Protein chains: 2
Amino acid sequence: MSTRQRSGATSSDVAALAGVSQSAVSRAFTPGSSLAEEKRLRIVEAAKKLNYVPNSIARSLTTRRSNIVAVILGNTANPFYLQVLEAFILRLQGQGRQVLTFTVPNGGDSDEAILRVLRYQVDGVILTSAQLSTRMVSLCHDRGIPVVLFNRYIPGSDASGVRCANAEGGRLIAEAFLAAGARTFAMIHGDPKGTTSQDRARGFVDKLAEAGIARSAITSLEGHSVYDGAFNAVSRHYRDGKAKLPDAIFGINDIMAMGAIDALGQRFGLKVPDDVMIGGFDDIAEGRRFPYRLTTVRQPIDTMVEKALDILHLDEPLRPIQPGIDVQVPGRLIWRQSIPAPRSRTPDGAA
Amino acid sequence: MSTRQRSGATSSDVAALAGVSQSAVSRAFTPGSSLAEEKRLRIVEAAKKLNYVPNSIARSLTTRRSNIVAVILGNTANPFYLQVLEAFILRLQGQGRQVLTFTVPNGGDSDEAILRVLRYQVDGVILTSAQLSTRMVSLCHDRGIPVVLFNRYIPGSDASGVRCANAEGGRLIAEAFLAAGARTFAMIHGDPKGTTSQDRARGFVDKLAEAGIARSAITSLEGHSVYDGAFNAVSRHYRDGKAKLPDAIFGINDIMAMGAIDALGQRFGLKVPDDVMIGGFDDIAEGRRFPYRLTTVRQPIDTMVEKALDILHLDEPLRPIQPGIDVQVPGRLIWRQSIPAPRSRTPDGAA
DNA sequence: GTGAAAGCGCTAACAT
DNA sequence: ATGTTAGCGCTTTCAC
């Protein structure tokens with residue numbers, strides 16, 4: 001039956017009860033500030049009695065640091081980015097920081113989200129799988145808020161970012177297909193404007209070209225980064241023998257590779273890898289499992305998250321923001337059963 | 001090359017440029033406050049010129065409202081709760097509110113998260129699939145911060161909550177199994193301390209009892225709410241014909257039902273529903289798809305999210321917190337292929 | 001309708 | 001080591 005007015009005890013209340021100054025209370029809750037141990041104890045006790053909790057909002061106002069980091073998510077339909085979100089939350093929580101989470105519609109831009117973020121004086125912004133105008137990046141940087149792009153980059157912008165070595169990853173899948181004897185190919189693209197999809201496709205095509213595969217032997221399908229998109233694209237394109245089935249299909253991400261597998265199986269009764277081989281990208285949990293057992297390129301989420309936070313350097317707020325950092329982390333090919341492994345490889349890609 | 005010091009223009013800067021008082025600027029950005037239109041325009045223009053963005057932190061300090069809502073997530077391994085998170089974010093974003101996201105280890109309690117939340121003067125707390133001590137609930141309520149539990153309740157606490165009618169859902173699955181002719185059963189439990197799992201199991205067992213099924217004809221397995229848990233439990237329990245296979249298995253949530261299906265298929269070459277029928281709960285996207293095509297109880301996420309926000313009544317902060325509200329939203333049985341449908345039903349549960 | 005002034009709860013010099 | 005003081009950027013009476 002409590003009313004929504006009261007806001008709990010303040011440091012002054014605690015100070016009064018403990019018989020010290022208000023700043024002493026502040027110090028008692030600021031690690032590393034000088035305060036007699038005896039006094040600190042008395043304060044902590046008084047605080048406990050009053051259920052005092054320091055007000056971070058007030059603190060932020062003076063320190064200009066909120067201990068809040070914004071994470072902006074595009075494409076929440078891809079479990080990979082949810083995994084990424086979780087990794088950020090876990091890490092940041094461990095550092096005593098909070099995560100303000102935003103989502104933007106798939107393919108939409110995050111400018112509006114950024115504007116809201118700015119109001120909250122966040123200490124940093126992480127942008128995942130979403131577009132961002134360079135103007136917004138400057139807006140953040142001008143205020144001393146570092147921005148880091150996750151698996152994305154804006155050519156010609158001074159936004160920093162970390163990403164998987166997507167082109168190289170695309171090459172890895174191409175190599176795997178070639179090693180398994182494939183000669184005709186299809187690939188299912190994600191967001192056509194997204195650099196991630198483009199880079200993976202480019203690496204894939206380049207490697208194939210080096211092996212003497214003509215571009216005309218590679219069909220392009222649009223899957224829009226989602227399961228249904230890939231499912232439908234495959235269903236439509238190969239319906240009634242309308243188009244000849246390739247030896248191998250590269251899903252630019254796992255969720256689309258899964259959609260492709262299901263379309264093949266459900267629509268045409270085709271088995272992977274016996275009838276068609278499939279490669280993916282990301283290594284999401286769903287793809288690791290039976291019945292998919294996807295051969296894929298694993299993105300090392302933890303490493304990428306760590307590097308992203310390094311770029312933010314939240315612990316040294318005074319260090320100037322370094323523009324234009326572009327960290328690439330190599331992916332690793334994980335052999336499972338959606339591509340027949342050459343004899344020299346063992347399943348599950350043990351190193 | 002910007003430094004991390006500067007914080008952007010303040011309302012005073014804007015006021016100076018526009019030749020008005022600082023409070024006028026404040027009013028210009030507060031909908032519904034009285035200000036001459038001509039003046040407002042001048043202010044907005046000046047603001048734009050300075051890239052002024054109101055500081056919500058400062059605003060919160062005076063208004064005691066942050067426009068931030070905390071969402072605490074347990075069990076992020078279950079895609080269902082990620083979907084719930086997304087639903088909350090979308091809705092709250094639409095109201096101009098931000099979401100502070102926390103995760104707590106599966107089965108752990110959220111008391112620490114709550115303590116952090118209190119510092120930020122959040123306007124409300126949503127707790128999903130995690131434990132919470134009643135002491136923390138009072139702490140929040142004493143400060144006027146409403147708490148709502150999502151799919152969970154704390155018996156004897158005055159925390160409010162919304163949940164799916166879990167027991168009734170369990171009954172629905174039992175009915176489906178019975179209609180399909182099953183006479184022996186297993187169920188895979190989730191978090192044994194969680195009310196959600198308990199309620200679903202109870203409803204399931206009760207309905208079966210009414211149909212004359214002895215409790216001894218129902219095997220209990222522990223799946224710990226996760227895919228692997230269910231996969232392993234099924235693999236172990238039925239290994240080498242150690243135990244006799246039941247006619248039907250109820251996965252207390254979809255992700256475990258999926259684990260069970262895969263264990264059956266991969267370990268024992270068993271087909272669903274031909275050899276064993278399987279029922280789930282939640283209706284997550286992954287379970288809807290081929291090859292699972294899970295018959296399950298759909299939780300109406302949007303309705304539940306809406307009711308949860310109603311309980312928070314964020315728009316009327318002065319209205320006292322109503323303790324002990326317990327909203328139950330009925331689930332709906334969705335027929336797919338993991339339970340053979342009686343003739344009178346059509347697949348995909350068209351109403 | 002509009003400005004002046006008093007805080008919101010805290011931190012950070014600055015004294016002592 | 002500790003108290004005093006001056007803000008942080010905003011909202012909100014209170015006069016006018």
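Model, not experiment: these values are computed from the prediction. Throughout, a chain's letter reflects where its sequence line sits, starting with A, and its residues are numbered from 1.
For the ring pair (Phe, Tyr, Trp, His ring centres under 6.0 Å) condition, no pair includes a residue of residues 114-137 of chain B, sequence neighbours left out. A ring pair (Phe, Tyr, Trp, His ring centres under 6.0 Å) check over residues 67-86 of chain B, counting only residues at least two apart or in different chains, returns nothing. Among residue pairs with one or both ends in residues 9-63 of chain A, those qualifying as ring pair (Phe, Tyr, Trp, His ring centres under 6.0 Å) are A/Phe29-A/Tyr52; sequence neighbours excluded.
Across all strands shown, B/Ser26 has heavy atoms under 4.0 Å from base atoms, whether or not it also approaches the sugar-phosphate.
Looking at residues two or more places apart in sequence or on another chain, you find no side chain to side chain donor-acceptor pair (under 3.5 Å) involving A/Ser26. Residues satisfying the side chain to side chain donor-acceptor pair (under 3.5 Å) test with A/Glu38, not counting sequence neighbours, are A/Arg42. For B/Glu45, there are no salt bridge (charged side-chain N to carboxylate O under 4.0 Å, His left out) partners, not counting sequence neighbours. For A/Glu86, the side chain to side chain donor-acceptor pair (under 3.5 Å) partners are B/Thr76, not counting sequence neighbours.
Between the CZ atom of A/Arg64 and the P atom of C/dA13 there is a distance of 12 Å, rounded to whole Å. Rounding to whole angstrom units, CG of residue A/Asn67 and P of C/dT11 are separated by 11 Å. Distance CD (B/Gln121) to P (C/dG9): 8 Å, rounded to an integer number of Å. The CD1 atom of A/Ile57 sits 16 Å away from the P atom of C/dC8 (whole-angstrom rounding).
Rotation axes derived from the C1' atoms of the five outermost pairs at either end of the helix from C/dG1-D/dC16 to C/dT16-D/dA1 lie 30° apart, to the nearest 10°.
Between C/dT11, C/dC10, C/dC8, one nucleotide has an atom nearer to the side chain of B/Thr62 than all others, and that is C/dC8. Proximity note for B/Ala24 (side chain, C-beta onward) versus C/dG3, C/dG7, C/dC10: the nearest is C/dG3.
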**OP:** List the steps and the verdict of side chain to side chain contact (heavy atoms under 4.5 Å, CB included) for A/Thr10 and A/Asn55.
**Re:** CA-CA 8 Å; A/Thr10 73; A/Asn55 184 332; over 6 Å; no
**OP:** Please test B/Val147 against B/His141 for side chain to side chain contact (heavy atoms under 4.5 Å, CB included), starting from the C-alpha separation and ending with a verdict.
**Re:** CA-CA 7 Å; B/Val147 177; B/His141 284 191; 4.0 Å; yes
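Of the possible donor and acceptor atoms, none in the side chain of A/Ser160 sits under 3.5 Å from a partner among the backbone N and O of A/Asp326.
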Could you give the side-chain donor-acceptor pairs of residues 102-117 of chain A under 3.5 Å, partners two or more places apart or in another chain?
unit_1, atom_1, unit_2, atom_2, d
A/Asp109, OD1, A/Asp111, N, 3.0
A/Ser110, OG, A/Gln131, O, 2.4
A/Asp111, OD1, A/Ser133, N, 3.3
A/Asp111, OD1, A/Ser133, OG, 3.3
A/Asp111, OD2, A/Ser133, OG, 2.9
A/Arg116, NH1, B/Gln93, O, 3.1
A/Arg116, NH2, B/Gln93, O, 3.3
A/Arg116, NH2, B/Arg97, O, 3.2
A/Arg116, NH2, B/Gln98, OE1, 3.4

Pick out the pairs of N or O atoms, protein on one side and nucleotides 14-16 of chain C on the other, that lie under 3.5 Å.
none

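OP1 or OP2 of C/dG3 sits under 4.0 Å from a side-chain N or O of B/Ser21. In this model, the phosphate group of C/dT2 is not approached by any side-chain N or O of B/Ser23 to a distance below 4.0 Å at OP1 or OP2.
Taking a heavy-atom distance under 4.0 Å as the criterion, the stretch of DNA chain D touched by chain A extends 5' to 3' from D/dA1 to D/dG9.
Side-chain contact, A/Gln22 with A/Ser11: a donor N or O sits under 3.5 Å from an acceptor N or O.
The shortest side-chain heavy-atom distance between A/Leu309 and A/Leu92 falls under the 4.5 Å cut-off. Using a 4.5 Å heavy-atom cutoff, the side chains of A/Leu85 and B/Leu85 are in contact.
Comparing B/Thr30 and A/Gln22 along DNA chain D, the residue whose closest nucleotide (by nearest heavy atom) sits nearer the 5' end is A/Gln22.
For DNA chain D, the residues of residues 31-55 of chain A within the heavy-atom distance limit of 4.0 Å (strictly under) are A/Ser34, A/Leu35, A/Ala36, A/Lys39, sorted by number.
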